[in-house]
Structure formats: structure tokens, C-alpha cells
Engineer: 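Have a look at this one before I ask anything.
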Amino acid sequence: MSTQCAGSVQSVQETSKIPDLTGKPIVATIKGYCIGCSYAFLWYGSILLGFYFLYAPLLPLLFLNRRLYRHFTDMLYSSWEAFNVSLLQVVYGVKLVLTGDDLQHNEHALIVLNHPTRTDWNFLWQGLFHAGPNHNTKIILKEQLRRIPGMGWVMAMTRFLYLKRSWSSDASILDGMLDYFSIIRSEGGKQLVLFPEGTNITASSKSRSDAYAAKNNKPVYDFVLHPRTTGFVHLARGMMDRTLLDAVYDVTIAYPGIKPDSEATLIRGDMPNQVNLHFVRHPLSSLPSTYIGLEKWLEERWRDKESALNSFYNHNTTFPALSHSQLHPRPATVLQPLCLAGCAMFMVWSSHLIITSWLALSWVVLVTLVMMVLEHWGGGVQELEIRLEKEGLTTNTTVQQEVEEDFEHLKNE
């Protein structure tokens, strides 16, 4: 009997070590999917619930008080960012090593960074949160992301920029958003996040980058793609012309261990054990002002990135630190556990509400229909916000002119 039991235990242990198609033991694979799926559930679930019960109730403010609407949507986005960062750092153990300059939240800035994986923007939030807790960043994204229910709508309401990958359209979109940010400049600085490479590193994108380098007599890169300078130059020059640019932040992201190449990587539970981010601030006074000068400036930054990443990966060299403490992983702040607890309570409450209340479920259906109408037939919620703001500005200007004319008329009498 004891021999049979020992044999059964040994059989179970051997079964747990049988590799799956990825080469991992089955138990490790199942554990990985549990970790990855739980993160995906909390990540996307928090966005969906936050949209329906926090963001959507703010939509009437578009017609009543847009300044208040912008304040609350920015505040909600900052709160969710803190939740996501805390989730990665406290619950899933993703360490952050942050070196270089702090992010000054009160200035208008352009942030440019390399794009090694599809998920870089998710881990960039860690760096933004710790480098400048009060920042107000707006990420420039692909138009396809806007179609994702909840997530796409939240980012549109928070004034992220969506590009269509057609320069004739994208130039107009960028100019329109810059004009809008210029109108609301009194509400504080905005930091725009741009991936100049245009896409993440894959075999096909690397091949295209190498072909471009060969055709234009440029160096072949191993750790970055050649940047697409047109969008950066247009954006930087446009911000300069509207006095919306105080600095450009050159950010480099690297993964010393597991590299999260795609969303599927995260769902398998292959979370990066550490993310390294390096910030370098270039004030406006140090930047060239011409189109050609800005183009060359960006290309030089990417040559510097290639060199720094080569040293990082091949020679185990860290990014330059301003102090010894920057070489160590950033500790969680005192408020991060409280943020996790608060968001967890909100998710439990709102989930329970949807399950137990037909009114709550009806609200979800109604809001979904409204957003689909707005996004597909109404031009988009973001476009509605901009249109209403410009119409209000035109009305105020007209009224002011009429008052001034009446005043001049009275003076003449």
C-alpha cells in the first residue's frame, strides 16, 4: 500500500513537470495564466466599471461646465493610473528603477520614448507616476484603440490623441488638439507622449528600419527603430508656435529580465520583474527651432538611445543616475496601498450593483448606446467637447465685442 502511495505521489510530481507547448511545466503554466488573467481582469474591469459609474455621469457637464468636466476627468484618470501602478508594483511585484530628471508637472512638455514592446505605455505609467505624481500626460495612440469599449471611451474623454496613420488626417488632428490645448492653457500644463518609432520592434518592423537605414546611409540599429521624424517635428514646432512647449523629455525604457512583448505575454503571466526608465529633460532654450534642426536633434537622441541600450543589455551598464538612491527600485508610497483598497471597494460595490440592480444594468446599456451613437454617428465625444468649447468661445467673444461697441457708442454720445 505504501509503495502504491509513493508511486502515486511520484506520478503527480512527474505530471506537474511535463512541459506544455511553451516548454514550461504544466503547473507553472497554469500558475502563470492565473496571474496574467487576474491582472487583465482587474486592469480592464477597473476601466469598464470606472467608465460606467464614474466617467459616464460626467457627460452632462459637457453642456453645463466644461472646465469642471475636464477637471474631474483628469482627476479620475490620475486615480486610475495610481491604481494600475500600485497593482503592478505592490501586488504583482514589478520593480521600477527610475533614473535621470524629475517630470515637472506644471510645464507644457513633449515626451518621446523608444518602443520595444506593444505594452510599453502600460509600464511607462509607473515612471510618470513616480517621476511627476501630479503630471497631466496625454498619450498619442492609434485610432484602433478608440474602438475598445470602455478603454477607448475613457481615453477620448481624457483628451488622449488618436491618430489614423494617414499624415493628411493626422496633421489636422494634431493641429486641432494643439489649438484646443492652447484655448485651455490656463488650466495647467499638458505633457504629450509620443512614440516616434511609430510601432514596436518586431521582425518585420526591424527589417523595414534596416532597409530605410541602408537606403539613406544611416546606421543599422539593434535595440531601437529609426524614428519617424515628420510627426515629431510637426508636433514640436506646433507646440512652439503656440507657446505650449517648455521642454522635451527624452525617455528610454528597458527590461533587464522578462520583456512583455505583447498583451498575450502578460496574460500568460510573464510579467517583467523590473522596468528601467531613464528621463532626460531638454529645456526649450536648448532645442533647435527649425524643422531640419529638430529632425537632426531627434535622430541624435535615437543614436544615443542605441548606444545606451547596447551598454545596458550587453555590458550590464545602468543608465546614468543623479544620485545613488536612483539605482535602487522605487519604494511604494504611503498612499498606494490605500489606493488599492479604495479601488477594490469600488469594484466590488459596482459589480454587486450591476448583478443585483436592474436599474444599474439599464444604466450600463443606456450609456453604451449613447457612446456608440456619439462615437460612430456623432463625430466622437472628444470632438463634441472641442466643438462646444470653440462655440462657447466664439459666443463669448461676440458678446464682449457687442459690449465694447455699446460702451464706445455711449462715450461718443
Engineer: Inspect the surroundings of CZ in F41 and state if more than 12 heavy atoms from other residues, nucleotides or ligands are less than 6.0 Å away.
Structural biologist: no
Engineer: Test of understanding: with side-chain contact (heavy atoms from CB on, under 4.5 Å), list the residues that count as partners of S262, not counting sequence neighbours.
Structural biologist: R118, A264, T265
Engineer: Yes or no on side-chain contact (heavy atoms from CB on, under 4.5 Å) for R67 and F72, after CA distance, side-chain angles and deciding distance?
Structural biologist: CA-CA 9 Å; R67 187 184 183 96; F72 282 137; over 6 Å; no
Engineer: Is a salt bridge present between D74 and R70, judged by a nitrogen-to-oxygen distance below 4.0 Å?
Structural biologist: no
Engineer: Verify whether one side chain among H115 and D120 offers a donor that lies under 3.5 Å from an acceptor in the other.
Structural biologist: yes
Engineer: When you check the side-chain N and O atoms of T137 and Q191, is any donor under 3.5 Å from an acceptor?
Structural biologist: no
Engineer: Under the rule for side-chain hydrogen bond (donor to acceptor under 3.5 Å, both in side chains), what residues qualify as partners of E143, not counting sequence neighbours?
Structural biologist: none
Engineer: Are a donor atom and an acceptor atom from the side chains of E81 and H135 found within less than 3.5 Å of each other?
Structural biologist: yes
Engineer: Quick one: does any side-chain atom of Q104 pair with a main-chain N or O of G132 as donor and acceptor, under 3.5 Å?
Structural biologist: no
Engineer: For L340 versus S86, what's the shortest heavy-atom pair and its separation?
Structural biologist: CG-CB, 3.7 Å
Engineer: Output, in order, the C-alpha distance, side-chain angles, deciding distance and verdict of side-chain contact (heavy atoms from CB on, under 4.5 Å) for H130 and Q89.
Structural biologist: CA-CA 11 Å; H130 286 281; Q89 192 172 355; 2.9 Å; yes
Engineer: Given 3.5 Å as the limit, does a donor-acceptor pair link the side chain of R281 with the main chain of A247, or not?
Structural biologist: no
Engineer: Give me the atom names and distance for the closest heavy-atom approach of G257 to N273.
Structural biologist: CA-OD1, 3.6 Å
Engineer: Determine whether the side chains of H234 and D175 contain a donor N or O and an acceptor N or O closer than 3.5 Å.
Structural biologist: yes
Engineer: Does L322 reach the side chain of D101, with side-chain heavy atoms less than 4.5 Å apart?
Structural biologist: yes
Engineer: Could you check H278, E306, K305, R301 and say which one makes a side-chain hydrogen bond (donor to acceptor under 3.5 Å, both in side chains) with T252?
Structural biologist: K305
Engineer: Quick one: do the E385 and Y180 side chains pair a donor with an acceptor below 3.5 Å?
Structural biologist: yes
Engineer: Under a plain distance cut-off of 3.5 Å, with no hydrogens placed, do N84 and Y39 share a side-chain donor-acceptor pair?
Structural biologist: yes
Engineer: If you take the centroid of each ring, where Trp contributes its six-membered ring, are Y77 and F160 closer together than 6.0 Å?
Structural biologist: yes
Engineer: In terms of ring plane angle, is the pair F51 and Y55 parallel, tilted or perpendicular, where the classes change at 30° and 60°?
Structural biologist: parallel
Engineer: Tell me, with the steps shown, if L327 and V97 meet side-chain contact (heavy atoms from CB on, under 4.5 Å).
Structural biologist: CA-CA 6 Å; L327 297 174; V97 175; 5.7 Å; no
Engineer: Side chains of S204 and S207: do they bring a donor and an acceptor to under 3.5 Å?
Structural biologist: no
Engineer: Indicate the atoms forming the closest heavy-atom contact of P227 with L298, along with that distance.
Structural biologist: CB-CD2, 3.9 Å
Engineer: Would you find more than 12 non-hydrogen atoms of other residues, nucleotides or ligands less than 6.0 Å from H352 atom NE2?
Structural biologist: no
Engineer: Using 30° and 60° as the class limits, which term best fits the ring planes of Y313 and F223: parallel, tilted or perpendicular?
Structural biologist: parallel
Engineer: Crowded around M75 CE? As in, over 12 foreign heavy atoms under 6.0 Å?
Structural biologist: yes
Engineer: Measure the spacing between CG of D246 and CG of N106 and express it to the nearest 0.5 Å.
Structural biologist: 8.0 Å
Engineer: Apply side-chain contact (heavy atoms from CB on, under 4.5 Å) to the pair W363 and W358, showing each step before the final yes or no.
Structural biologist: CA-CA 8 Å; W363 168 256; W358 68 269; over 6 Å; no
Engineer: Mind checking the CG-CZ spacing from L113 to F279? Nearest 0.5 Å is all I need.
Structural biologist: 8.0 Å
Engineer: With no hydrogens and no angle check, is any side-chain donor or acceptor of T119 less than 3.5 Å from a backbone partner on N122?
Structural biologist: no
Engineer: Taking all non-hydrogen atoms of both residues, which atom of T199 and which atom of R228 are closest, and how far apart?
Structural biologist: CG2-NH2, 4.5 Å
Engineer: Measuring centre to centre across the rings, with the benzene-like ring taken for any Trp, is W125 within less than 6.0 Å of W80?
Structural biologist: yes
Engineer: Under a 4.0 Å N-O cut-off, is there an ion pair linking R147 with E375?
Structural biologist: no
Engineer: Could you report the tightest heavy-atom contact between I258 and D270, atom names first, then the distance?
Structural biologist: CG2-O, 3.5 Å
Engineer: Hey, what do you get for CG (N200) to CH2 (W121), rounding to the nearest 0.5 Å?
Structural biologist: 12.0 Å
Engineer: Donor-acceptor check, side chain of D170 to backbone of R165, threshold 3.5 angstrom: yes or no?
Structural biologist: yes
Engineer: Between L235 and R237, is there a side-chain heavy-atom distance shorter than 4.5 Å?
Structural biologist: no
Engineer: How many angstroms lie between CE in M239 and CG in L110, if you round to the nearest 0.5 Å?
Structural biologist: 5.5 Å
Engineer: I need the single residue from L58, L388, L64 that forms a side-chain contact (heavy atoms from CB on, under 4.5 Å) with Y69. Which is it?
Structural biologist: L58
Engineer: Do R66 and E391 meet the salt-bridge criterion of a basic N to acidic O distance under 4.0 Å?
Structural biologist: no
Engineer: Is it the case that more than 12 heavy atoms not belonging to K206 sit under 6.0 Å from its NZ atom?
Structural biologist: yes
Engineer: Taking atom OG1 of T368 and atom CG of L48, what is their separation to the nearest 0.5 Å?
Structural biologist: 9.0 Å
Engineer: I'd like to know if the side chain of S182 reaches the main chain of L178, judged simply by a donor and an acceptor atom lying under 3.5 Å from each other, with no hydrogens or angles considered.
Structural biologist: no
Engineer: What residues form a side-chain hydrogen bond (donor to acceptor under 3.5 Å, both in side chains) with T243, not counting sequence neighbours?
Structural biologist: R185
Engineer: Angle between ring planes, Y255 versus F123, binned at 30° and 60°: parallel, tilted or perpendicular?
Structural biologist: perpendicular
Engineer: Please indicate whether N316 has more than 12 foreign heavy atoms, meaning atoms of other residues, nucleotides or ligands, lying under 6.0 Å from its CG.
Structural biologist: no
Engineer: Is a side-chain N or O of S350 found less than 3.5 angstrom from the main chain of M347, in a donor-acceptor match?
Structural biologist: yes
Engineer: Please name the pair of heavy atoms, one in Y221 and one in D210, separated by the smallest distance, quoted to 0.1 Å.
Structural biologist: O-OD1, 4.0 Å
Engineer: Given 3.5 Å as the limit, does a donor-acceptor pair link the side chain of H226 with the main chain of P219, or not?
Structural biologist: yes
Engineer: Taking the side chain as C-beta and beyond, is there a heavy-atom pair between L128 and I111 under 4.5 Å?
Structural biologist: yes
Engineer: Using atom types as modelled and distance alone, determine if a side-chain donor or acceptor of N134 lies under 3.5 Å from a backbone N or O of H105.
Structural biologist: no
Engineer: Does a side-chain heavy-atom distance below 4.5 Å link M151 with Y44?
Structural biologist: yes
Engineer: In terms of side-chain geometry, is the basic nitrogen of K259 or D261 positioned less than 4.0 Å from the acidic oxygen of its partner?
Structural biologist: no
Engineer: Do D179 and R242 sit within salt-bridge range, that is, some charged N less than 4.0 Å from a carboxylate O?
Structural biologist: yes
Engineer: More than 12 heavy atoms of other residues, nucleotides or ligands under 6.0 Å from CG of L359: is that the case?
Structural biologist: yes
Engineer: Would you confirm whether Q382, through its side chain, and A156, through its main-chain N or O, come within 3.5 Å as a donor-acceptor pair?
Structural biologist: yes
Engineer: Output yes when a side-chain donor or acceptor of S205 lies under 3.5 Å from a complementary backbone atom of T202, and no otherwise.
Structural biologist: yes
Engineer: Just how far is it from atom CG of D250 to atom CD of E300, taken to the nearest 0.5 Å?
Structural biologist: 11.5 Å
Engineer: For a quick check under 3.5 Å, do D222 and N310 share a side-chain donor-acceptor pair by atom type?
Structural biologist: no
